[in-house]
Amino acid sequence: MAHKPSQLIWHNGHFVPWWEAKVHVLTHGLHYGSSVFEGIRAYATDKGAAIFRLRDHVERLFESARIHRMQIPYSQDDLFDACKQIIRVNRLTNGAYLRPIVFRGYGEYALAPSPQLPIEVAIAATEMGAYLGAEGLERGVDACISSWQRPAANTFPTMAKAGGNYLNSSQISMEAQRHGYQEGIALGTDGMLSEGGGENVFLVKKGVLYTPPTSAAILTGITRDTVMTLAQELGYEVRQQTMPREALYVCDEAFFTGTACEITPIRSIDGLTIGNGSRGPITHELQDLFFGLVKGKLADRFGWLDYVGGGEIEVEHDLHSALA
Ligand SMILES: Cc1ncc(COP(=O)(O)O)c(C=O)c1O
């Protein structure tokens with residue numbers, strides 16, 4: 001999905017105009033995938049924009065950086081504040097998609113870079129609709145099992161949300177779309193279900209929810225955790241369980257979870273219709289609870305919303321024209 005430029009990007013501690021947030025072509029992260037990043041959503045609520053599970057996303061960003069031995073030159077609180085500011089300064093009152101990224105910068109070709117190689121940090125915020133389409137949220141999407149597998153545990157770390165990992169995700173999604181599906185689901189090297197190109201997967205069978213465990217080479221999604229919490233609150237049993245692909249062939253409902261796709265029903269898998277070929281009742285119930293919560297319509301009993309607040313943000317004088 002194409003994004004519409006906003007006005008300013010936070011880059012290494014400063015706001016810069018959207019088109020001036022640039023890097024050198026020899027940036028380490030560009031060559032070796034040495035970046036870690038997050039995708040975060042903010043929603044419009046009656047009290048202004050609120051960022052969903054911001055602390056958890058910033059924490060995961062720091063964990064990803066630690067796994068790849070990158071020292072982020074800011075504190076978690078600094079980035080927490082910067083995320084709120086970038087929404088306010090761009091006046092994204094209708095909600096936003098935030099993309100914080102940490103990457104090894106310019107200066108060396110070394111695969112084992114010296115501590116002198118800079119670590120850069122940027123945060124962009126744009127408007128964003130439903131990742132797999134607004135219709136997908138209601139009617140569901142067609143998915144297939146990918147011929148690509150998720151990486152084996154000791155190849156590179158799947159727990160880190162790192163740029164390089166997304167070459168695998170891209171192959172999964174590109175292959176699926178080439179064959180007329182909206183998304184692909186990969187198996188692990190053990191042949192068991194893992195996750196979608198950019199989403200975690202759930203299925204429902206006889207009223208119980210199942211999702212592959214952390215050991216299935218998945219990114220441990222924050223939406224996955226949200227859905228497990230909400231499902232349990234609704235009284236459903238949730239099992240993190242290793243499953244073969246055919247578990248999806250015989251389930252009653254299935255859906256993807258992710259910050260971008262939110263909760264998107266899967267209506268068919270490898271050409272086999274799931275349930276009634278549309279959004280299942282438990283998926284619908286979870287969506288209602290999820291959207292009620294993120295949009296501030298239901299009580300924020302888990303402390304998941306961070307309101308960005310109002311008022312003008314001070315910017316340097318030469319940026320006023322970018323904001324005009
Ligand atoms: C590969 C992959 N799996 C799962 C997810 C879902 O994670 P989250 O719910 O934290 O966005 C994402 C999205 O970030 C992803 O890229």
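Start at 1 and go down the list; that is how both ligands and their atoms are numbered. Bear in mind that the values here come from a model prediction, so they are computed numbers and not experimental data.
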Applying side chain to side chain contact (heavy atoms under 4.5 Å, CB included), name anything that partners His14, two or more places apart in sequence or on another chain.
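Result, side chain to side chain contact (heavy atoms under 4.5 Å, CB included) vs His14: Glu316.
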
Given the rule in the ring-ring contact (aromatic ring centres under 6.0 Å, His included) test, do Trp10 and Tyr74 qualify, once you have shown the distances and angles that lead to the verdict?
CA-CA 13 Å; Trp10 188 95; Tyr74 300 96; 5.1 Å; yes

Salt bridge present between Arg99 and Glu38 (N-O < 4.0 angstrom)
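No, Arg99 and Glu38 are not salt-bridged.
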
May I ask you to decide whether Glu262 forms a salt bridge with Arg41, counting only side-chain N to carboxylate O separations under 4.0 Å?
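Between Arg41 and Glu262 there is a salt bridge, with a charged N closer than 4.0 Å to a carboxylate O.
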
Phe80 six-ring centre to Arg55 NZ/CZ under 6.0 Å and within 45° of normal
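Yes, Arg55 sits over the ring of Phe80.
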
cation_pi(Lys47, Tyr307) dist<6.0 Å, angle<=45
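Positive - Lys47 is close enough to the ring of Tyr307 and near enough to its axis.
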
Could you go through ligand 1 and note, for every N or O atom, any protein N or O atom closer than 3.5 angstrom, writing the atom names and distance to 0.1 Å, or 'none'?
from     : atom 1 : to     : atom 2 : distance (Å)
ligand 1 : 3 (N)  : Glu195 : OE1    : 2.7
ligand 1 : 9 (O)  : Ile222 : N      : 3.3
ligand 1 : 9 (O)  : Thr223 : N      : 2.9
ligand 1 : 9 (O)  : Thr223 : OG1    : 2.6
ligand 1 : 10 (O) : Arg60  : NH1    : 2.8
ligand 1 : 10 (O) : Arg60  : NH2    : 3.0
ligand 1 : 10 (O) : Ile222 : N      : 2.7
ligand 1 : 11 (O) : Thr259 : N      : 2.9
ligand 1 : 11 (O) : Thr259 : OG1    : 2.6
ligand 1 : 14 (O) : Lys161 : NZ     : 2.7
ligand 1 : 16 (O) : Lys161 : NZ     : 3.4
ligand 1 : 16 (O) : Tyr166 : OH     : 2.5

